[in-house]
Amino acid sequence: MHHEIGLRAILLVEDNVDDYEAALRSFKAAHLYNPVHWCQTGSDALNYLKHEGIYAQGPAHERPALVLLDLNMPGIDGRKVLSILKQDRALKRIPIIILTTSSDERDITQCYELGASTYIQKPVEFDGLIKAVGRIKDYWFGVALLPQA
Amino acid sequence: MHQQGTSARQIRSSIAHTQDLLGDVTDLNILIRDAERAQRGYLLTGAPDYLAPYDAALQRLPALYDHLRHLVADDPRQQLQLTTLRSITQHKLAEMARTIALRTNAGEDAARAAVLTDVGRFLMSEITQTLKTITAEDNRRIAEQIAAIEQTDARLRELTAFGSVLAVLLLALAGLMLSRGAMRRRCLAQQIEQRRHGDLERSNTDLARQTAALERSNAELEDFAQIASHDLKEPLRGLSNNARFLQEDYAGKLDRDGVGRLMRLGYLCQRMERLIDDLLYFSRLGRQELGVQVTDLNAVICDIESMSETTLKECNASIVLPQALPLVSCDKVRITEVFRNLIVNAIKYNDSATKLIEVGYHDELTQGGVTRKQVFYVKDNGIGIAEEFHEDIFRIFKRLNAEDDEKKGTGVGLTFVRKIVERHGGRIWLQSAYGEGATFYFTIAQGAAYAS
C-alpha cells in the first residue's frame, strides 16, 4: 500500500463481515479511493499499527491516515483499542473515528474523553452510510490537514 | 444504644435541615415582597430610587434557589414544588419587569392598566401558596420521622422487656445450677444482650441488602432494553444490506417475483428497526429526568390542534374544550405527547361521520365509589374498546386492529402514554364499550394542577 502515491491508507477495525462489506461498498459509492486495510479484531489492529505479531516480519507499511474503529467487538473492544492508541507516544496523533451502532450517551462521552476525533453512529440504511462516508471524505481528506505518517 | 444513637443523629440533622429550609423560605418570601413593594413604589412615583430592593431581589434569588435545591436534593416531592415555585416566581418577576418598563416608557396610566389585570396579585398568591406547601411538606416529613423513631423505640422497649424476662428466667435457672459458677451466668447474660443487638442489626442489614438488590435489578432492567436494542440492530443492518446488495448485484438474474421478495425483506427490516427504536425510546422514558415546568394545557391543546389541522379537516374531526384547562406542573413535551397520542387515537379509531373529541378536566371525579382529584380526560365518539382489551391496549406492541402496511403503527402509543403518566406520579384508565366511544382518564401528581 505504501507505493500508492498521494493516497494514504485507512485502517478499518470491524469485526462484522457484513458491516465491512457495506463499508467498502459505501467507500466506492462515495468515491473514497484510499486503500483500506481491514482488521477484524482489536488485537489485530494493535499489531498492525505497532508492527508486531504477524506484521513483525512482513513488508513495512506506512501508518494509516485515519482509523475507523468499531466499539463493540469481542476480546479487546474498540474502547480499549482507543485508550491504548491514545497513550502511545507515536500512534496517538492518528485521528480515530468511532463508527458504531451505539448512540448511548455514556459511550459518546467516554470516547471523546479518551481522545476520539469524531463519533459517528452507523446508519442502518445503506444510503445513510454512503452519505456519512461522503462527509468523512470531504472533511478528513478535503478540509482537515493530517499529521505526517 | 446503637439505634437510639442513630435516631438522635437523624433528629439533629433533620432539625438543622428544617431550620435551613424555613430560613430560605422566609428569605424568599421577604425578598419577593420587598421587590413587589419596590415595584409599586416606582409605579406610583416614577422615582428610580424605589427600585433598589427590586434589583437586590433579582440578584439574590438565584443563589437562594440553588441553596434550596441543594436542601431538597433527595426529595422528589419537594423538588417538584420547588420547580413550580421557581417557575411562578419567574413569571412574577417578568410581570414586574414588564410593568416597570411600561412605567418608564409609556407612563403611569399604561402601568396602572397592566397592574389592574390582577395577574401580579394572582401570581403572588400562588407563590405564597407554594411556599406554604413546601413548609407543610417539610412538617409532614418530620412527623414521619418522629413516627418512625417512636416505632423503633417501642420495638426496642419490647425487645428489652422480652430480653429482661428471658434474662431473669435464665438467671433463675443459672441460680439453680449455682454449682456451674458465676462465670457461666455472666456469659449467658452477655449472650442475651448480644442477641438483642444482633436481631436489630440483622434486620437492618437485611433491609439494606434487599434495597440494594432492588435498586440493582431496576438499573439492570433499564440497561437491558438499551443494550439489547443495539445488539439487535447490528444483524438487522446486515440483513438489510445483504438484501440490497443482492438486488443490485443480481439485477439481471432476478425476475419480478425475486425482486419483489427482496423489497419485502427491505420493508420488514425497516419495520423491525422502528420497533427497536420504539423499544429504545421506551427505555429512555423510564430513565430520563422529567423537565418539569408550569404548563398551560390550553396552549398545549391549541398547538396539537394547529399541528394536525389538515388531518382534522380531512377526517371531519374537531376538538372541543368544554371549559378552560388548568395550569399544571409537568414535563410539557411529554404531556403534549400524552394528549397528542390520545387525540390521534380518538380520530383514528372512529367511524362517525362527524368525529368529536372532547378534552376536559374534573377537579374531582367519582366513579364506582372511588373519588379522584384533578382528573383529565379525552373523550371520543369512536368505535370504542371492548372491556376485555382495556388492559391489553397499554401493552407494548399490542395492536387491536389489522391495518395496511403503509399506515400500520407499531402499537406503542398508549404504552408511552401510560409510562409518561406514571413517571409523573399519576395513573391512567378508561371507560368504554365496543361501539360506544371511549373516554381515557388520567391524573398527574397530586397538587400538580393549581389554577383554572
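Numbers restart at 1 for each chain; the letters A, B, ... are given by sequence-line order, proteins then strands.
When the shell of 6.0 Å around OH of A/Tyr112 is examined, it contains more than 12 heavy atoms from other residues, nucleotides or ligands. When the shell of 6.0 Å around CZ of A/Arg135 is examined, it contains 12 or fewer heavy atoms from other residues, nucleotides or ligands. Residue A/Lys80 qualifies as open at atom NZ: its count of foreign heavy atoms under 6.0 Å is 12 or below. Within 6.0 Å of atom NZ in A/Lys131, 12 or fewer heavy atoms from other residues, nucleotides or ligands are found, so the atom counts as exposed in its surroundings.
By number of non-hydrogen pairs under 4.5 angstrom with chain B, the leading residue of A/Val17, A/Thr101, A/Asp18, A/Leu129 is A/Thr101.
With rounding to the nearest 0.5 Å, the separation of CZ in B/Arg284 from CD in A/Glu105 is 8.5 Å. In this structure, the separation between OG1 on A/Thr100 and NZ on B/Lys233 is 11.0 Å, given to the nearest 0.5 Å.
Residue contact with chain B, scored on non-hydrogen atoms closer than 4.5 Å, involves the backbone and the side chain of A/Asp104 alike. Of the atoms belonging to A/Ser103, heavy atoms from both backbone and side chain fall under 4.5 Å from chain B.
For the pair B/Gln270/A/Glu125, a side-chain contact is recorded, criterion being any heavy-atom separation below 4.5 Å from C-beta on.
Residues B/Asn241 and A/Glu21 bring no donor and acceptor atom of their side chains to less than 3.5 Å of each other.
By the 4.0 Å N-to-carboxylate-O rule, A/Asp127 lies close enough to B/Arg244 to be salt-bridged with it. With respect to the salt-bridge test (charged N to carboxylate O, under 4.0 angstrom), the residues A/Arg25 and B/Glu248 qualify.
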